[in-house]
Every structure is written in C-alpha cells, then in structure tokens.
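The shown structure was predicted, so the numbers you read here are calculated from the model rather than taken from an experiment.
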Amino acid sequence: MQRTRREFLVGLSFTAAMAAFARNAGTSAMPIAFSTLGCPKWDLPQILSFARSRGFAAVELRGLLGNMDLPSQPAFLGTQIAETKRLFAENHVKIACVSSSSRMGEEDPAKRSKEIADARRFIELASALGAPYVRVFGDGATPPKGTAPGAELKARVVDGLEQLGEYAGPKSVTVILESHDNFTASATLKEVFERVNSQHVALLWDAHHTYATGGEDPEFTVKQIGKWIRHTHLKDSVASGDDRKYVLTGRGTVPVKKQIEALQSIGYRGYLCFEWEKVWHPDLEEPEIAIADYAEVVRGYLGTAAKN
C-alpha cells in the first residue's frame with residue numbers, strides 16, 4: 001500500500017515525538033528494533049542515526065551495505081570493532097542480534113563443516129561486540145521448503161545447535177534458531193529444543209512464518225514454545241497467488257497486534273524486530289518509509305495493549 005507524502009510526513013512527526021517519549025520514559029517492556037536487511041544501501045552511521053531519531057532501542061545486524069558476511073566487513077575487523085562499539089554507544093542503540101546464514105540441517109559433511117565454522121565466526125563477532133545472540137537456520141537441502149523435517153534432519157539440527165551452544169556459552173552468546181523453512185511448526189520446534197542439551201540455545205520467533213507458512217494462531221504458538229523465545233521478527237503480508245507479498249505493518253492479513261499481545265501474555269522482554277526484506281525484494285517500500293512506519297504502528301499496538 002502506497003502512502004501519500006502528507007501521510008508520510010505526518011507519520012514522521014508522530015514517530016519523532018514518540019521516539020523522544022520512549023527514550024525519556026522507557027515505557028515499553030518490549031523495545032523495538034529493526035534488521036539491517038531492510039536498508040541495504042545505508043552505511044553504519046546512517047543506520048544508527050536513523051535508529052536513534054526514530055526511537056529504536058536496537059538494531060539487528062543482518063548484512064551491511066548488502067554484504068551478508070558481517071565478519072569480513074571493515075567495521076567489524078580487528079581494532080575497528082572498538083570504533084563500531086563507540087558509534088553504537090554514542091547513538092544509544094544496542095545490537096539486538098548478529099544474524100548469520102548458517103544452516104544446521106546441512107547433510108554433506110564438507111558443507112556442514114563450513115556451515116558450523118561460519119556460525120562460529122559470527123559467534124566470535126557477537127562476543128567482540130557484546131551482542132547477546134547469533135541467529136542460525138535449521139533447514140537443509142531437503143525436504144522442500146515448508147514441509148515437516150524428518151528424524152535425520154532434526155537430529156542434525158540438534159547436533160549442530162549443541163555444538164554451537166557449547167562454543168557460544170563461554171563467550172556470553174546464545175545461539176538462536178529461527179522459526180523458518182522446515183522449522184516453522186511449533187511441534188517441530190518444541191521437539192528440537194527439548195532435545196538440545198544447552199542453556200545457550202534458544203529461539204528466534206519469526207512470527208510471520210509460523211502464521212503464514214505454519215498456519216498457527218499466535219496464541220497457540222506462544223503457548224507451545226514461548227519459554228524458548230529470546231528475539232522476535234515481525235512483518236506483515238498479503239496472499240499473492242501461491243506466495244505472500246510483504247506490505248507495510250498493519251496493512252496486511254498477518255495478525256501482528258495479536259502476536260505482540262501473545263508475547264505480552266508470557267512476560268516477554270525481548271525486542272520486537274522489524275524484518276523488512278528489502279535485500280531480497282528491492283521493489284518494496286524504501287526503508288525510511290517502511291521502518292519509520294513500523295515504529296509508529298507498533299507503538300500504537302503497545303499503547304493499546306498496555307491498557308488491556
């Protein structure tokens with residue numbers, strides 16, 4: 001849905017006011033964040049300036065300037081890390097999560113070894129930055145996306161998470177598996193987390209996928225797997241043939257408000273992170289519109305929920 005220039009400017013004014021309110025009062029128990037996946041043309045100073053001006057408490061690092069391999073980026077190499085941490089501190093913005101592309105379900109031994117090694121690189125980066133989480137995926141080459149994983153795939157994911165949890169624990173990092181691809185059903189996720197023997201492994205709830213792919217009501221999902229949720233991705237969409245088309249928050253059919261209320265019901269205190277997939281879908285609204293709009297809409301939901 002397109003917004004008029006007047007609607008956008010009014011929204012920005014409201015968001016700026018709410019940003020100051022949030023910074024001064026700290027009213028929300030569930031602070032907002034956004035993923036850098038949504039702003040692939042912004043450098044780090046621009047990302048942090050925008051986050052601060054709109055009252056975002058944190059940013060999830062998922063690529064920088066369109067490059068997904070964060071540990072190889074100049075801002076995250078060697079002595080430059082200290083300067084990067086200073087930039088975050090100066091802007092009063094935290095790092096919600098450092099997101100990798102590592103897949104714990106990979107079957108081929110050589111490829112699997114590389115996936116685990118890449119995840120460790122991201123864990124080392126998160127530790128150096130003082131970030132709490134590193135995201136990984138559970139899918140493998142098979143079965144097809146969205147279908148339930150078999151016993152062997154689940155066993156590989158459990159093994160990979162345990163390896164990474166053991167590596168991450170001493171570095172004060174928790175590895176979080178995203179509800180994505182073959183791992184969107186609550187029953188599947190619950191089984192995996194009950195089998196993983198690590199206090200340094202938890203869940204990134206991509207609330208869009210458990211609803212749009214898994215067909216689950218948010219209250220049901222949270223009741224089943226809420227105790228493992230440490231970080232949350234939110235986004236909205238509408239049906240488009242056999243697929244979904246992302247739209248601005250609150251304009252689609254995903255029950256984002258109900259998802260937030262479900263998290264409130266279990267006392268969730270993590271970030272509500274906007275994942276605007278601009279990298280993968282360049283035709284989406286520009287980040288300065290979509291991310292600011294998300295802040296406005298979700299603060300409205302939080303204000304309403306707080307009164308209930």
**Report entry** K111 with E115: basic N within carboxylate O range, under 4.0 Å
**Finding:** no
Query raised in the report: Is the shortest heavy-atom distance from the side chain of R54 to the side chain of I291 under 4.5 Å?
Result: no
**Report entry** Same apolar cluster: I123 and L203, side chain cutoff 4.5 Å
**Finding:** yes
Query - Main-chain N/O of V254 paired to D236 side chain as donor or acceptor, under 3.5 Å - result: yes
Query - Side-chain heavy atoms of F274 within contact of S35, under 4.5 Å - result: no
Report summary line: d(R156 CZ, D139 CG) to nearest 0.5 Å is 11.0 Å
**Report entry** Salt bridge E162-R195, side-chain N to carboxylate O under 4.0 Å
**Finding:** no
Query raised in the report: Are any of the side-chain heavy atoms of L153 and E107 separated by less than 4.5 Å?
Result: no
Query raised in the report: Does the gap between the ring centers of W276 and F34 come in under 6.0 Å?
Result: no
**Report entry** Backbone N/O of A262 and side chain of S265: donor-acceptor pair under 3.5 Å
**Finding:** yes
Query raised in the report: Is the shortest distance from a Lys or Arg side-chain nitrogen in E83 or R86 to a carboxylate oxygen in the other one below 4.0 Å?
Result: yes
**Report entry** Trace of the salt bridge (charged side-chain N to carboxylate O under 4.0 Å, His left out) decision for K257 with E261
**Finding:** CA-CA 6 Å; K257 185 173 183 290; E261 290 171 345; 2.6 Å; yes
Query raised in the report: Would C97 and I176 satisfy side-chain contact (heavy atoms from CB on, under 4.5 Å), going step by step from the backbone distance to the final call?
Result: CA-CA 9 Å; C97 178; I176 50 178; 3.8 Å; yes
Query raised in the report: With side chains defined as the heavy atoms from C-beta onward, is the minimum distance between R112 and D159 less than 4.5 Å?
Result: yes
Query raised in the report: Any side-chain donor paired with an acceptor under 3.5 Å for R62 and S101?
Result: yes
Query raised in the report: Below 4.5 Å, heavy atoms only, C-beta onward: do V93 and F56 meet side chain to side chain?
Result: no
**Report entry** Distance-only polar pair, side chains of S237 and R251, donor-acceptor under 3.5 Å
**Finding:** no
Report summary line: Looking only at heavy atoms, the pair that brings V173 and A126 closest together is CG2-CB, 4.1 Å
Query raised in the report: Can you find a side-chain donor-acceptor pair between T36 and E60 that sits under 3.5 Å?
Result: no
Report task. Compare every heavy atom of G252 with every heavy atom of V238, then report the nearest pair and how far apart it is. Result -> CG1-CA, 3.6 Å
Query raised in the report: Does L189 share a hydrophobic cluster with I266, counting links as ILVMFWY side-chain heavy atoms below 4.5 Å and allowing steps through other members?
Result: yes
Query raised in the report: In terms of hydrophobic clusters joined by side-chain contacts under 4.5 Å, are V134 and M68 together?
Result: no
**Report entry** Residue pairs fulfilling ring-ring contact (aromatic ring centres under 6.0 Å, His included) with at least one residue in residues 243-269, sequence neighbours excluded
**Finding:** H208-Y246, Y246-H281
Requested in this report: Answer yes or no on whether K171 is positioned over the face of Y167, meaning its NZ or CZ is under 6.0 Å from the six-membered ring centre and within 45° of the axis.
Outcome: yes
Show me the side-chain donor-acceptor pairs of residues 71-79 shorter than 3.5 Å, one per line, residues at least two apart or across chains.
| from | atom 1 | to | atom 2 | distance (Å) |
| --- | --- | --- | --- | --- |
| S72 | OG | D69 | O | 2.8 |
| S72 | OG | D69 | OD2 | 3.0 |

Query - Check: L284 main-chain N/O paired with K278 side-chain donor or acceptor under 3.5 Å - result: yes
Query - Set of side chain to side chain donor-acceptor pair (under 3.5 Å) partners for T210, sequence neighbours left out - result: W205
Query raised in the report: Hey, are the side chains of F137 and S102 touching, using non-hydrogen atoms and a 4.5 Å cut-off?
Result: no
Query - Over 12 foreign heavy atoms within 6.0 Å of CG, N197 - result: no
Query - Over 12 non-hydrogen atoms of neighbours within 6.0 angstrom of CD in E90 - result: yes
Requested in this report: For the residue pair C39 and I47, establish whether any side-chain heavy-atom pair is separated by less than 4.5 Å.
Outcome: yes
Query raised in the report: Could you walk me through whether E219 and K258 pass the side-chain contact (heavy atoms from CB on, under 4.5 Å) check?
Result: CA-CA 8 Å; E219 289 92 340; K258 287 180 64 179; 3.2 Å; yes
Report summary line: Sorted by chain and number, sequence neighbours left out, side chain to side chain contact (heavy atoms under 4.5 Å, CB included) with E166 holds for none
Query - Ring geometry between W228 and F193 (parallel below 30°, tilted from 30 to 60°, perpendicular above 60°) - result: parallel
Report summary line: All heavy atoms of I95 vs all of P132, minimum pair found to be O-CD, 3.3 Å
**Report entry** Cluster check L48, V98: I/L/V/M/F/W/Y, side chain < 4.5 angstrom
**Finding:** yes
Report task. Consider only side-chain heavy atoms of I, L, V, M, F, W and Y, link residues closer than 4.5 Å, and tell whether L37 and L64 are in one cluster. Result -> no
Query raised in the report: What heavy-atom pair brings G160 and I116 nearest, and what distance separates the two atoms?
Result: CA-CD1, 4.0 Å
**Report entry** Side-chain touch V201/L164, heavy atoms, less than 4.5 angstrom
**Finding:** no
Query raised in the report: Can Q259 and Y301 be counted as having a side-chain donor-acceptor contact under 3.5 angstrom?
Result: no
Query raised in the report: In terms of heavy-atom contacts, does NZ of K94 have more than 12 from other residues, nucleotides or ligands at under 6.0 Å?
Result: no
Query raised in the report: Under the salt bridge (Lys or Arg N to Asp or Glu O under 4.0 Å) test, which residues partner K235, sequence neighbours left out?
Result: D206, E275, E277
Report task. Using the side-chain contact (heavy atoms from CB on, under 4.5 Å) rule, take Y271 and T232 through it: C-alpha gap first, then chi angles, then the decisive distance, then the call. Result -> CA-CA 6 Å; Y271 294 105; T232 300; over 6 Å; no
**Report entry** Nearest atoms (heavy-atom pairs only) where P40 meets V279
**Finding:** CB-CG2, 3.6 Å
Report task. Just do the side chain to side chain donor-acceptor pair (under 3.5 Å) check on R244 and T253 with the steps written out, would you? Result -> CA-CA 10 Å; R244 308 280 301 187; T253 58; 2.8 Å; yes
Requested in this report: Would you give the length of the straight line joining atom OG of S49 to atom CG of D43, rounded to the nearest 0.5 angstrom?
Outcome: 10.0 Å
**Report entry** N/O donor-acceptor pair under 3.5 Å between T249 side chain and Y294 backbone
**Finding:** no
Requested in this report: Kindly indicate, with the supporting measurements, whether the criterion side-chain contact (heavy atoms from CB on, under 4.5 Å) is fulfilled by T84 and L129.
Outcome: CA-CA 8 Å; T84 296; L129 290 170; 4.2 Å; yes
Report task. Calculate, to the nearest 0.5 Å, the distance between atoms NE2 and NE2 belonging to H233 and H180 respectively. Result -> 9.5 Å
Report summary line: Residues S99 and L70: closest non-hydrogen pair is O-CD1, 4.3 Å
Query raised in the report: Can you check salt bridge (charged side-chain N to carboxylate O under 4.0 Å, His left out) on D181 and R103, steps first, answer last?
Result: CA-CA 11 Å; D181 289 327; R103 304 186 308 161; over 6 Å; no
Report task. Kindly state each residue pair satisfying side chain to side chain donor-acceptor pair (under 3.5 Å) with at least one member in residues 127-136, sequence neighbours excluded. Result -> R135-E178
Report task. Answer yes or no: is there a donor N or O on one side and an acceptor on the other, between the side chain of D293 and the main chain of I289, under 3.5 Å? Result -> no
Report task. For the pair T188 (side chain) and T184 (backbone), establish whether a donor and an acceptor sit closer than 3.5 Å, ignoring hydrogens and angles. Result -> no
Query - Straight-line distance of K190 NZ to T221 OG1, nearest 0.5 Å - result: 12.5 Å
